[in-house]
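Below: the structure, in structure tokens.
Order of the sequence lines fixes the chain letters, A, B, ..., with proteins taken first and strands second; residue numbering starts at 1 for each chain.
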Amino acid sequence: MGMPQKRFQRRKFCRFCSEKTEFIDYKDIKLLRGFLTERGKILSRRMTGTCAKHQRDLNESIMRARNIAILSFVEK
Amino acid sequence: MNIYENFVILNASLSDEEITAAVTRIKDLVVNAGGEVIRADHWGRRKLSYEIKKQAKGFYVLFVYKAPAATIKKLEELYKVFDPVIKFMVIKLGPKQIKHLEKALAAEAEQKAAAAEKAVAEKAVTEQAVKSEA
Ligand SMILES: [Zn+2]
């Protein structure tokens with residue numbers, strides 16, 4: 001039994017694998033926000049259950065969204 | 001030929017006419033350099049998540065092109081010296097993204113056709129009503 005999580009429920013399965021997501025769209029801010037902390041930092045794979053491949057895609061999408069300022073680097 | 005997605009953030013303080021002129025200049029460059037503009041969606045003025053060139057807001061335009069790599073090179077050269085542009089990002093689409101785009105374009109075309117058909121049908125109904133009243 002692990003320590004109880006404060007905000008995030010640990011997930012066992014990769015959401016993108018189970019939903020058969022074709023690709024992660026960097027324009028989908030609502031989706032990306034679900035994988036960030038309140039301060040805008042990327043949540044770890046362990047926290048979200050995302051598989052290694054999809055975590056890489058997710059990271060790339062988040063970087064792109066930050067690049068065009070539709071997501072911030074750090075939430076104030 | 002590749003498919004590219006290109007976000008351009010224009011200075012939000014520009015007038016609508018100046019925005020249109022800037023978008024036209026970008027489209028013209030792509031076409032003149034052997035590309036095709038598939039999409040030019042105005043997302044409009046939005047708050048930036050962080051300041052860029054001392055700007056808090058930007059006017060977002062999302063372009064999609066079918067073009068050879070050389071066209072994109074020319075485009076990027078323009079952006080670097082084109083004052084209305086405060087930021088840009090060009091992405092080459094992968095096969096899955098292209099498939100998704102094609103589906104979206106087909107769905108939009110279908111919707112447009114359905115809307116046109118509906119308008120014609122409604123017009124016919126109205127004409128019928130007018131006739132029966134008279
Ligand atoms: Zn996965």
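Closest non-hydrogen pair, A/Ala69 versus B/Ile52, comes out as CB-CD1, 3.9 Å. B/Ile9 approaches A/Ile68 most closely through the heavy-atom pair CD1-O, 3.4 Å.
When hydrophobic clusters are built by joining Ile, Leu, Val, Met, Phe, Trp and Tyr residues whose side-chain heavy atoms come closer than 4.5 Å, directly or via intermediates, B/Tyr50 is grouped together with A/Ile62. Under the 4.5 Å side-chain heavy-atom criterion for grouping Ile, Leu, Val, Met, Phe, Trp and Tyr, A/Ile42 is connected to A/Leu71 within one hydrophobic cluster. Under a hydrophobic-cluster definition in which Ile, Leu, Val, Met, Phe, Trp and Tyr are linked whenever side-chain heavy atoms come within less than 4.5 Å, directly or via other members, B/Met1 and B/Ile38 are assigned to different clusters.
Distance NZ/A/Lys27 to OH/B/Tyr60: 13.5 Å, rounded to 0.5 Å. Interatomic distance, A/Arg64 CZ to B/Glu5 CD, rounded to the nearest 0.5 Å: 8.5 Å.
Scored by the salt bridge (Lys or Arg N to Asp or Glu O under 4.0 Å) test, A/Asp28 finds no partners at all (sequence neighbours excluded).
Contacts between B/Leu48 and chain A at a heavy-atom distance below 4.5 Å involve backbone atoms as well as side-chain atoms.
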Could you list the donor-acceptor pairs under 3.5 angstrom formed between side-chain atoms of residues 81-100 of chain B and any protein atom two or more places apart in sequence or on another chain?
from, atom 1, to, atom 2, distance (Å)
B/Lys87, NZ, A/Asn67, OD1, 3.3
B/Gln97, OE1, B/Gly94, N, 3.0

